[in-house]
Student: 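Following this message is one structure expressed as structure tokens.
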Amino acid sequence: MNTAINYDAHRATPDARYGYQVFTIGSFSFTRDEYFVRVSYPKGTYVSDVGLFLRAMMRDVAWGFFYGWVNFDDVFGTVNHYGSVDVFVGSYNAGYQSAGTDFCERFDANKLYDCFHALLSDWTNEGFDPFAAPLETGSPYGSKHGNNDAAVNFQRELAERFVGSPGDTELRTDARGFTVNRQFADVPQDEPEVHTEPGFEGQLSAFNLFAYLSRSPVTWNPSIASVVGQSAYCPTSEEHMLPILHGNDRVEWFIQLSDEITWQVADKATAAPRAMITMKAGDIAAMPADISHRGFSPKRSMLLVWENMTPGLEERYGSGELAPTAAEF
Amino acid sequence: MSTATRFASTDDYVKGGVEIIGADSAPRYLFSNMFEVASKAQAWERVVVARNLEFTIECARAEGESPWFICAHDETCLVMQGDIDIHFIAAETRPAADSNGAQRVAGVPAGANMGHVRLARGHMALLPANAAYQMRARQLGVVLLQSIEGPLSVQRWASICQH
Ligand SMILES: [Fe+2]
């Protein structure tokens with residue numbers, strides 16, 4: 001695999017047929033029509049539904065390429081090397097590997113971010129929110145009409161210590177534009193009582209996490225609610241399907257707070273199926289560092305994603321120094 | 001169309017599970033259910049239900065008053081069942097600054113009363129570093145503690161996880 005980093009900026013050129021720009025970076029070019037994205041790369045062509053593609057691209061951009069692998073499907077995706085990022089076709093798919101049609105190119109992370117963000121902005125039409133569940137938003141299809149930069153530029157809230165602590169991220173309220181989601185209308189909105197003695201003002205903190213999650217306007221987009229050392233609670237509200245298959249470069253945990261999600265788990269290197277995991281309220285499971293996973297949430301649900309942010313973990317798991325599982329028994 | 005939000009409790013939980021469909025094995029996923037763990041635990045035992053290297057999530061059966069705990073780093077407490085008050089004391093005796101995990105304090109720690117928080121299901125509290133705390137459950141409850149592995153962290157994966 002070629003690991004030289006391409007620092008060239010992308011190019012965007014007009015295309016009169018459907019009104020969308022064509023984006024080129026390195027050896028890749030991205031074209032969209034009314035229904036599909038077409039990616040040309042030196043060994044061939046990749047085609048996908050543009051709605052699926054934009055929903056996946058939204059997460060890749062919003063998360064700054066996230067931890068490890070962001071697979072848009074079994075074929076196309078990115079790998080985060082924290083400063084540089086691989087874009088690949090078929091590199092983690094046994095069929096492409098054996099045919100020799102897999103291809104990967106490494107980019108400077110900022111240059112690739114600029115390309116993907118510009119593509120997302122240009123290709124997202126008015127009325128379509130790639131962060132929303134399908135029942136909550138309009139269609140991604142058709143010729144270019146308007147944009148939805150307000151949705152595309154949505155920033156997730158990242159607490160540094162604890163939501164609601166002095167100087168940290170705030171609670172979600174109607175006044176801040178965070179209304180209760182239609183599928184969480186029955187979630188109690190009471191806040192805890194905090195009684196602080198004189199002299200200790202600001203030192204005690206508590207909030208209603210379930211109310212906070214009931215007011216999340218987006219799906220499959222974890223925020224950070226609390227941090228202990230490098231341990232981050234990343235709660236999120238989930239509905240319909242995780243638009244990516246996340247390939248772990250470290251262990252990650254799921255705590256199902258409400259309702260139910262089924263996870264489809266595959267081998268990270270070959271896309272071969274490995275397991276289906278159904279998590280109901282109160283269930284807890286680890287995702288090992290050698291798999292990819294995609295979640296399916298039939299009703300909007302509350303999921304606590306738990307991450308270890310320790311720098312360099314990707315290398316310690318990648319080299320085999322750390323076992324891919326969180327514990328053995 | 002049903003959109004009722006489903007939470008669970010020690011009296012009312014249904015476990016999902018791991019189905020293996022390729023080259024894999026269920027124990028790798030360390031699949032458990034916090035309400036089952038709490039049902040079988042001693043009151044205030046800190047059972048590790050998730051660990052990521054040194055970091056832990058510990059599940060406790062909340063019943064009556066807990067011992068007093070203190071910890072050199074922040075922790076958090078998420079109430080998954082029950083109504084729970086947490087009382088805080090600015091303890092005069094602190095744990096070693098580089099120590100990990102909660103430690104038990106014998107009796108009531110000496111120090112000034114910092115106040116208390118009153119929590120219900122879904123509420124989450126910061127347990128600030130070096131503030132001794134006691135949890136008081138007003139009925140049977142379940143809490144998740146975000147912490148670091150320490151002397152009170154109990155690991156019994158084989159008995160809590162799907163084989
Ligand atoms: Fe993930």
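Chain letters run A, B, ... following the sequence lines, proteins first, then strands; residues in each count from 1.
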Student: Is there a donor-acceptor pair closer than 3.5 Å between any side-chain N or O of A:Asp283 and the backbone N or O of B:Gly16?
Tutor: yes
Student: With a 4.5 angstrom heavy-atom cut-off, which part of B:Gln162 approaches chain A: side chain, backbone, both or neither?
Tutor: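 The backbone, not the side chain.
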Student: With the side chain counted from C-beta on, respond yes when A:Pro192 and B:Val117 share a heavy-atom pair under 4.5 Å apart, and no when they do not.
Tutor: no
Student: Counting only non-hydrogen atoms closer than 4.5 Å, does A:Ile284 touch chain B with its backbone (N, CA, C, O), its side chain (CB onward), both, or neither?
Tutor: both
Student: Can you tell which part of A:Thr262 gets under 4.5 Å to a heavy atom of chain B, answering side chain, backbone, both or neither?
Tutor: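 For A:Thr262, neither part sits under 4.5 Å from chain B.
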Student: Hey, is CD on A:Glu193 packed in by over 12 heavy atoms from elsewhere, all under 6.0 Å?
Tutor: yes
Student: Could you tell me which portion of B:Thr56 (side chain, backbone, both or neither) has an atom closer than 4.5 angstrom to a non-hydrogen atom of chain A?
Tutor: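 Just the backbone, heavy atoms under 4.5 Å.
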Student: Going by heavy atoms in the side chains, are B:Leu78 and A:Leu257 under 4.5 Å from each other?
Tutor: yes
Student: What's the separation between atom CD in B:Gln146 and atom CG in A:Leu304, rounded to the nearest 0.5 Å?
Tutor: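 Here the interatomic distance stands at 8.0 Å.
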Student: Looking at A:Val187, A:Thr310, A:Leu204, A:Leu213, which one has more heavy-atom pairs under 4.5 Å with chain B than the rest?
Tutor: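 Between A:Val187, A:Thr310, A:Leu204, A:Leu213, the count favours A:Leu204.
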Student: Atom OG1 in A:Thr325, atom CG in B:Leu30: separation rounded to 0.5 Å?
Tutor: 7.0 Å
Student: Measure distances from A:Val251 to the heavy atoms of chain B and classify the residue's part below 4.5 Å as side chain, backbone, both or neither.
Tutor: both
Student: Check each atom of A:Asp290 against the heavy atoms of chain B and say whether the ones under 4.5 Å are side chain, backbone, both or neither.
Tutor: side chain
Student: Between A:Phe162 and B:Asp74, is any pair of side-chain heavy atoms under 4.5 Å apart?
Tutor: no
Student: With rounding to the nearest 0.5 Å, note down the distance linking OG1 in B:Thr3 to CG in A:Asp186.
Tutor: 6.5 Å
Student: Please look at A:Ala289 and chain B and tell me whether the side chain, the backbone, both or neither of the residue comes under 4.5 angstrom of a heavy atom of that chain.
Tutor: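 The answer is neither part of A:Ala289.
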Student: Determine the option with the most heavy-atom pairs under 4.5 angstrom with chain B, choosing from A:Trp253, A:Phe184, A:Phe254, A:Phe200.
Tutor: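 Looking at each option in turn, the highest pair count goes to A:Trp253.
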Student: Pick one of side chain, backbone, both or neither for A:Asp190, based on which atoms fall under 4.5 Å of a heavy atom in chain B.
Tutor: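 Both backbone and side chain.
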Student: Checking heavy atoms, do the side chain of B:Glu75, its backbone, both or neither come under 4.5 Å from chain A?
Tutor: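 The answer is the backbone of B:Glu75.
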Student: Should the heavy atoms of other residues, nucleotides or ligands under 6.0 Å from CD of A:Glu201 be counted, would the total exceed 12?
Tutor: yes
Student: Between A:Tyr233 and chain B, with a heavy-atom cut-off of 4.5 Å, which part of the residue counts as in contact: side chain, backbone, both or neither?
Tutor: both
Student: Is there a donor-acceptor pair under 3.5 Å between the side chain of A:Asp259 and the backbone N or O of B:Arg6?
Tutor: yes
Student: Might you point out which heavy atoms bring B:Arg28 and A:Pro288 nearest each other, and give the distance in Å?
Tutor: NH2-CG, 3.7 Å
Student: Could you check B:His73 against A:Val228 for side chain to side chain contact (heavy atoms under 4.5 Å, CB included), going step by step and ending with a plain yes or no?
Tutor: CA-CA 7 Å; B:His73 50 77; A:Val228 169; 4.0 Å; yes
Student: How are the rings of A:Phe210 and B:Phe7 set to each other: parallel, tilted or perpendicular (split at 30° and 60°)?
Tutor: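 Ring orientation, 0 to 90° scale: parallel.
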Student: Using every non-hydrogen atom in the two residues, find where A:Gln203 and B:Met114 come nearest and quote the distance to one decimal.
Tutor: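 Answer, listing the atom of A:Gln203 first, then B:Met114: OE1-CE, 3.3 Å.
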Student: Specify which of A:Ala266, A:Ala285, A:Ala286 makes the most heavy-atom pairs with chain B at under 4.5 Å.
Tutor: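 Among A:Ala266, A:Ala285, A:Ala286, the one with the most close pairs to chain B is A:Ala286.
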Student: Can you tell if the side chain of B:Leu53 reaches within under 4.5 Å of the side chain of A:Gln230, non-hydrogen atoms only?
Tutor: no
Student: Which pair of heavy atoms, one from A:Glu252 and one from B:Asn52, lies closest together, and at what distance?
Tutor: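 Nearest heavy atoms, A:Glu252 then B:Asn52: N-ND2, 4.4 Å.
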Student: Answer yes or no: does atom CD of B:Gln42 have more than 12 heavy-atom neighbours from other residues, nucleotides or ligands under 6.0 Å?
Tutor: no
Student: Quick check for you: among B:Ser147, B:Gly22, B:Ala38, which has the greatest number of heavy-atom pairs under 4.5 Å with chain A?
Tutor: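 Sorted descending by pairs with chain A, the first entry is B:Gly22.
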Student: Kindly compute the distance separating CD1 (B:Ile57) from CD1 (A:Ile255), expressed to the nearest 0.5 Å.
Tutor: 3.5 Å
Student: Which heavy atom in A:Ala281 sits nearest to a heavy atom in B:Ala8, and how many Å separate them?
Tutor: O-CB, 3.6 Å
Student: What pairs of donor and acceptor atoms, side-chain ones from residues 148-159 of chain B against any protein atom, are under 3.5 angstrom apart with sequence neighbours left out?
Tutor:
| unit_1 | atom_1 | unit_2 | atom_2 | d |
| --- | --- | --- | --- | --- |
| B:Glu149 | OE2 | B:Gln155 | NE2 | 3.1 |
| B:Ser153 | OG | B:Glu58 | OE2 | 2.7 |
| B:Ser153 | OG | B:Gly150 | N | 2.9 |
| B:Ser153 | OG | B:Gly150 | O | 3.3 |
| B:Gln155 | OE1 | B:Arg51 | NH1 | 3.4 |
| B:Gln155 | OE1 | B:Trp157 | NE1 | 2.8 |
| B:Arg156 | NH1 | B:Glu45 | OE2 | 2.9 |
| B:Arg156 | NH2 | B:Glu45 | OE1 | 3.0 |
| B:Ser159 | OG | B:Arg156 | O | 3.1 |

Student: In sequence, state the C-alpha distance, the side-chain angles, and the governing distance for B:Thr5 and A:Lys299, and then conclude on side chain to side chain contact (heavy atoms under 4.5 Å, CB included).
Tutor: CA-CA 8 Å; B:Thr5 300; A:Lys299 175 203 171 292; 3.3 Å; yes
Student: Taking side chain as C-beta onward, heavy atoms only, is A:Ile291 less than 4.5 Å from B:Tyr29?
Tutor: yes
Student: Who among A:Gly282, A:Ser258, A:Pro188 has the most heavy-atom pairs with chain B under 4.5 Å?
Tutor: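 Result: the option with the highest number of such pairs is A:Gly282.
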Student: Which heavy atom of A:Ala275 sits nearest a heavy atom of B:Ile21, and at what distance?
Tutor: N-CG1, 3.5 Å
Student: Considering only heavy atoms, which portion of A:Ala272 lies under 4.5 Å from any heavy atom of chain B: side chain, backbone, both, or neither?
Tutor: neither
Student: Rounded to the nearest 0.5 Å, what separates atom NE2 in A:His195 from atom CG in B:Asn113?
Tutor: 11.5 Å
Student: Please look at A:Val163 and chain B and tell me whether the side chain, the backbone, both or neither of the residue comes under 4.5 angstrom of a heavy atom of that chain.
Tutor: neither
Student: Under 4.5 Å from any heavy atom of chain B, what part of A:Arg161 do you find: side chain, backbone, both or neither?
Tutor: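 Side chain only.
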Student: Need one label for A:Glu191: side chain, backbone, both or neither, based on atoms under 4.5 Å from any heavy atom in chain B.
Tutor: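 For A:Glu191, backbone heavy atoms alone lie under 4.5 Å from chain B.
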Student: Where is the tightest heavy-atom contact between A:Leu209 and B:Met124, given as atom of each residue plus distance?
Tutor: CD2-SD, 4.2 Å
Student: Pick one of side chain, backbone, both or neither for A:Ser165, based on which atoms fall under 4.5 Å of a heavy atom in chain B.
Tutor: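 Answer is side chain: those atoms of A:Ser165 sit under 4.5 Å from chain B.
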Student: Please report the interatomic distance CE(A:Met309) to CZ(B:Phe55), rounded to the nearest 0.5 Å.
Tutor: 8.0 Å
